[in-house]
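This chain uses plain numbering: 1 for the first residue, then up along the sequence.
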Amino acid sequence: MIDQGRLHVTYSPPASIFAPIDHRRYTMTHSDSTGELYVTIGCEYDVSAINPYMRDEVLTEWVREDGQYRLNGRVYISGGEFDRQMAQVRYMIFKREMGTALAAIVNGDAGFFTYHPWLLDAPITNHFESVFPEYDQMVYFGTPRQYVWQSEHKDS
């Protein structure tokens, strides 16, 4: 669940609410201390938002294969600087929190889906990148429609 008041979205031109679709990239980061979520939408990843020591960002982009779109993501688990136990912890945290990250991305770009509603049913896959084979996986996370407006007001 996400608190929309803690979600901050930035468009990096030439990306806008309308375009592009191909290679539209999302950089999702957060603050552990405040719970704030940050999504940058652009044609390149926002490398300035990535903490090189924590590596807790989620990077996603729209890709077209065989005429079909999918939202392809990746998360960094370990390139060897973390031992197997820490890689396992990072993997478990990323899998547990992926719903929040995807909800932030989808809801942060809600206007885009108004103009391209068919993308709400595109598959989402995330590559967990690790030097340890058991954590180096491609995982299916459903479709953007599953993450639309997952927020704190579910009491209706």
Side-chain angles (χ1 to χ4, degrees), residues 1-17 19-64 69-113 119-120 122-144 146-152:
M1 296 212 270
I2 62 169
D3 176 351
Q4 295 170 353
R6 295 188 184 273
L7 176 59
H8 306 279
V9 178
T10 304
Y11 285 90
S12 181
S16 71
I17 194 171
I21 298 176
D22 290 332
H23 305 291
R24 184 181 192 83
R25 293 184 172 146
Y26 303 91
T27 307
M28 194 296 219
T29 58
H30 72 280
S31 168
D32 285 331
S33 60
T34 66
E36 305 283 314
L37 303 171
Y38 302 94
V39 177
T40 303
I41 303 165
C43 296
E44 301 294 330
Y45 293 119
D46 183 3
V47 293
S48 68
I50 297 171
N51 180 329
Y53 303 106
M54 296 291 291
R55 294 302 313 265
D56 57 359
E57 73 280 354
V58 175
L59 304 174
T60 58
E61 75 174 302
W62 286 104
V63 294
R64 184 173 25 176
Y69 282 100
R70 74 181 156 91
L71 188 57
N72 185 44
R74 57 191 174 133
V75 293
Y76 184 82
I77 302 299
S78 177
E81 73 280 24
F82 300 115
D83 65 14
R84 183 172 258 109
Q85 184 176 3
M86 183 54 124
Q88 179 184 23
V89 168
R90 288 175 57 81
Y91 176 80
M92 291 170 57
I93 290 170
F94 270 116
K95 279 196 78 171
R96 183 186 71 219
E97 298 298 329
M98 191 55 63
T100 299
L102 293 171
I105 290 166
V106 169
N107 292 295
D109 207 11
F112 177 74
F113 291 103
L119 293 177
L120 285 168
I124 300 171
T125 55
N126 276 298
H127 182 195
F128 291 81
E129 300 174 340
S130 178
V131 295
F132 302 108
E134 62 268 37
Y135 309 120
D136 187 53
Q137 302 178 3
M138 184 68 81
V139 180
Y140 173 72
F141 279 93
T143 67
Q146 294 173 243
Y147 300 96
V148 172
W149 300 122
Q150 290 184 2
S151 66
E152 76 284 0

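- Glu81 CD: more than 12 foreign heavy atoms inside a 6.0 Å radius.
- For Asp32, the side chain to side chain donor-acceptor pair (under 3.5 Å) partners at least two apart in sequence or on another chain are His30.
- Taking both residues in full, the closest heavy atoms of Trp62 and Ala122 are given as CZ3-CB, 3.6 Å, listed atom of the first, atom of the second, then distance.
- The line from CD1 of Ile105 to CE of Met98 is 8.0 Å long, rounded to the nearest 0.5 Å.
- In plain terms, the two heavy atoms of Ile17 and Tyr11 that are nearest each other are N-CE2, 3.8 Å.
- Remark: Tyr69 OH to Ile21 CD1 distance equals 4.5 Å, nearest 0.5 Å.
- Closest heavy-atom contact between Ser130 and Ile77: CB-CB, 3.8 Å.
- Atom CG of Asp46 is separated from atom CD1 of Ile41 by 11.5 Å, given to the nearest 0.5 angstrom.
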> Would Tyr147 and Phe141 count as a side-chain contact (heavy atoms from CB on, under 4.5 Å) if you check the C-alpha gap in whole Å, the side-chain angles of each, and the deciding distance to 0.1 Å?
Replying inline: CA-CA 10 Å; Tyr147 300 96; Phe141 279 93; 3.7 Å; yes
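- For the pair Arg24 and Phe112, the cation-pi criterion (under 6.0 Å, within 45° of the ring axis) is fulfilled.
- Smallest separation of non-hydrogen atoms from Tyr76 and Arg90: O-NH2, 2.6 Å.
- Of the options Arg74, Arg70, Arg25, a side chain to side chain donor-acceptor pair (under 3.5 Å) to Glu61 is made by Arg25 and by none of the others.
- If you run side chain to side chain donor-acceptor pair (under 3.5 Å) between Asn72 and each of Thr125, Asn126, Thr60, only Thr125 comes through.
- Within 6.0 Å of atom CE in Met138, more than 12 heavy atoms from other residues, nucleotides or ligands are found, so the atom counts as buried in its surroundings.
- Expressed to the nearest 0.5 Å, how far CD1 of Ile124 lies from CG of Leu119 amounts to 11.0 Å.
- Nearest heavy-atom pair, Cys43 versus Pro20, reported as atom, atom and distance to 0.1 Å: SG-CG, 3.7 Å.
- Side chain of Asn51 to main chain of Asp56: no donor-acceptor pair is present (N/O by atom type, distance under 3.5 Å, no hydrogens or angles).
- Between Phe132 and Ala87, the shortest heavy-atom distance links the atoms CD1-CB, 3.6 Å.
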- Task: Please report the C-alpha distance between Tyr45 and Glu57 in whole Å, then the side-chain angles of each, then the deciding distance to 0.1 Å, and finally whether the side-chain hydrogen bond (donor to acceptor under 3.5 Å, both in side chains) criterion is met.
- Result: CA-CA 11 Å; Tyr45 293 119; Glu57 73 280 354; over 6 Å; no
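- Of the inter-residue distances, the one linking Ile50 atom CD1 with Thr27 atom OG1 reads 6.0 Å to the nearest 0.5 angstrom.
- Residues Phe94 and Val58 have side chains in contact (heavy-atom distance under 4.5 Å, counting atoms from C-beta outward).
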side-chain contact (heavy atoms from CB on, under 4.5 Å) between Thr10 and Val39, worked out | CA-CA 6 Å; Thr10 304; Val39 177; over 6 Å; no
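- Atoms CG and CZ, from Asp136 and Phe128 in turn, are 11.0 Å apart once rounded to the nearest 0.5 Å.
- Remark: Tyr53 OH is loosely packed, at most 12 non-hydrogen atoms of other residues, nucleotides or ligands lying under 6.0 Å away.
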